[in-house]
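Structure provided below as structure tokens; questions to follow.
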Amino acid sequence: MKRWPGYAIFQIELRSRFRGWGIIFVLSLYLLALVALLVLGLVVLLDNQGLDGESLFLVLLGSQFVLLCVIGPLSSCGGISMEHERNSFELVITTLLRPVDIWTGKLASAMALGWVLFACGLPMILFCTFIGGVSPWKFLFGYAFLLVVYLCYCTFALWVSCMTKRTMVSMNIVTVALAVINGLFPFVYMIVSEVGVLDQGPLQAWVTYWGVMMLSPLLFVEGWLTDTQMLPPGTGVAGGYSPDIILLAVSLYLVAAVIFGVLTLRRLRFPRV
Amino acid sequence: MEVDSLEKELGGRRVLRGFGMTVPRGAVYGLIGANGAGKTTTLRVLATLLKPDGGVVKVDGVDLREAVREVRRKIGYMPETFGFPLGITVRECLGFYARAFEVPTRNLNGVVDDVLEVVDLSDRRDDLVESLSKGMRQKLALARALVHDPQILLLDEPAASLDPRARYELRILLLELNRIGKTIVISSHILPDLTDFCTHVGFLHRGRMAACGTLEEVGRHWRLLRRFRVRFMAEPARAHLRLLQAPYVERVEVGGLVLEFDYAGTEEEFSRLLVDLGREGLLFNRVEEVSSGLDRLFFHMLEEEEAGA
């Protein structure tokens, strides 16, 4: 059977990523953060409404969302730039590997890291489901959406990496982008909601869905899973989280991933002989 | 390998201006030129890293513009500066490049072991790449260029920044590779390294090929005078007189028992001269080539370059 051409890159990236103390440090930190957040959520829940599997699951999923969507892109943003920095890129592109093989190999290794991080959290997921109350549909959607967002962020990080050719620069750009998407947008939404400037009108609906919900995946998934009705009635916009809206969000991130992928491949198409 | 009328512009500057060369199969072709003459650009075009603006490049009959992958199969390239993925062993590193060159999986381990054997890195196969010395990394880069068994090796300044021992080892290795049939195109500033084992040389001057051919052809064309130093065991005065009468000998200088002179004849004629000296009782115990003449040509071109600038 003929192997997938990007396998060479995938294998070497995995070996580089998963060897040495770096990965042990990352995994330990990830697990510590996850356990700390889960315990915090557990304490808050016990103090307020009592032990509830679904609420605990939401805390866990939200924590995983934040951690994975930070670790994944940050570990991918050196994918191409690091090759330039250590002068290994020319040795790679003068082989028979095509740009698409290089890109898929690097993306697959980033996805593998995501899988490992997800797998590390499995005992905690099982704990939540053991308590009960987690709907399978929400469980599946939550992680499917996480997968799509993670994929999109990693393709974005790879694109930035091949644009900048300096890992430190691409790391800064990716960090700022992540902070804006996952921090600034929800913050702006909160301010806007509190002030009430956009209340009771179609403009708020527009801002809610497009400006905040779609661009801030964490807010979107948490809102959906907690059945938050963020739209006031009578706005003229279909409210709630209908399947259409969910599909739209997933499609949005997939399309973004494809766009970043195409941009990266255009940049990697080197040399132009 | 045939290169004809190659043109390349980089950063608004025409680096190659109608450059041409023909590298015969099994040759060791030395590319010589001052900094900025276009050696690296030429090798990067041949290695399919840069798109030529004009001209034709054919590798074993395959046109570079029409079949890049086919050309890559035929070429092993070692750039002047390079790096490897970190955190992997020497064996894994070569395995990666072997896979990238589509070496069949069933042959992979054997190929990697063979190549490591050729470059004498077998005992370091399980060491991490970052633990290798500069000379060993150079050997690893050469192994990487050999992993898909290419017909032609393109080596850009392979001996730069190597210590004399590593340089010597590299030279022996390249001679061995040439012996097993590899065609080698090598650029270097270290002229004695080139003249020791190159069968052909090409002088790049301002993006053009100023002179090319076998060492003898170039020598004849530019009337290159090789300078030799012979240490006689006795009678330096008689040796001096004898050398002054010999054909192709010029500028004889005496320093005790050591005589230095320029020689414009061929290798064969020089051997005959040495035999004649011995027959006539002028015994000597050391003969060394002080200068191949190529370095004079190199400096001559450098001066022209500076004068032009």
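Order of the sequence lines fixes the chain letters, A, B, ..., with proteins taken first and strands second; residue numbering starts at 1 for each chain.
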Q | Backbone of B:Phe101 reached by a side-chain donor or acceptor of A:Thr95 within 3.5 Å | A |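 No.
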Q: Among the options B:Arg73, B:His148, B:Met78, pick out the one with the most heavy-atom pairs lying under 4.5 Å from chain A.
A: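 Of B:Arg73, B:His148, B:Met78, B:Arg73 has the most heavy-atom pairs under 4.5 Å with chain A.
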Q: Using modelled atom types only, decide if a donor and an acceptor are shared between the side chain of B:Arg69 and the backbone of A:Leu96 within a distance under 3.5 Å.
A: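 Yes.
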Q | Heavy-atom closest contact (B:Ile88 atom, A:Arg15 atom, distance) | A | CG2-CB, 3.9 Å
Q) Is there side-chain contact between B:Leu86 and A:Ser16, with at least one heavy-atom pair below 4.5 Å? A)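 With C-beta onward as the side chain, the pair stays apart.
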Q. With only heavy atoms counted, which part of B:Thr105 is less than 4.5 Å from chain A, the side chain, the backbone, both or neither?
A. side chain
Q) For B:Lys74, does the NZ atom have more than 12 heavy-atom neighbours from other residues, nucleotides or ligands under 6.0 Å away? A)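 More than 12 heavy atoms, drawn from other residues, nucleotides or ligands, come within 6.0 Å of this atom.
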Q. With distance as the sole criterion, is a donor-acceptor pair present between the side chains of A:Thr94 and B:Arg144 under 3.5 Å?
A.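 Yes - a donor-acceptor pair under 3.5 Å links their side chains.
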Q.
Under a 3.5 Å distance rule, please check whether B:Arg99 uses its side chain to pair with a backbone N or O of A:Ile9 as donor and acceptor.
A.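 Not a single qualifying donor-acceptor pair exists.
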(Q) Within the supplied structure, the quantity of interest is the number of heavy atoms (other residues, nucleotides, ligands) at a distance under 6.0 Å from B:Glu117 CD; does it exceed 12? (A) no
Q | side-chain contact (heavy atoms from CB on, under 4.5 Å) between A:Arg19 and B:Glu92, worked out | A | CA-CA 13 Å; A:Arg19 188 172 280 167; B:Glu92 288 167 349; 2.7 Å; yes
Q: Measure the CZ-CD distance between B:Phe84 and A:Glu83 for me, rounded to the nearest 0.5 Å.
A: 12.0 Å
Q. Should B:Phe82 and A:Arg86 count as side-chain neighbours, where that means a heavy-atom distance under 4.5 Å?
A. no
Q | Close side-chain approach of B:Pro79 to A:Leu91, heavy-atom, < 4.5 Å | A | yes
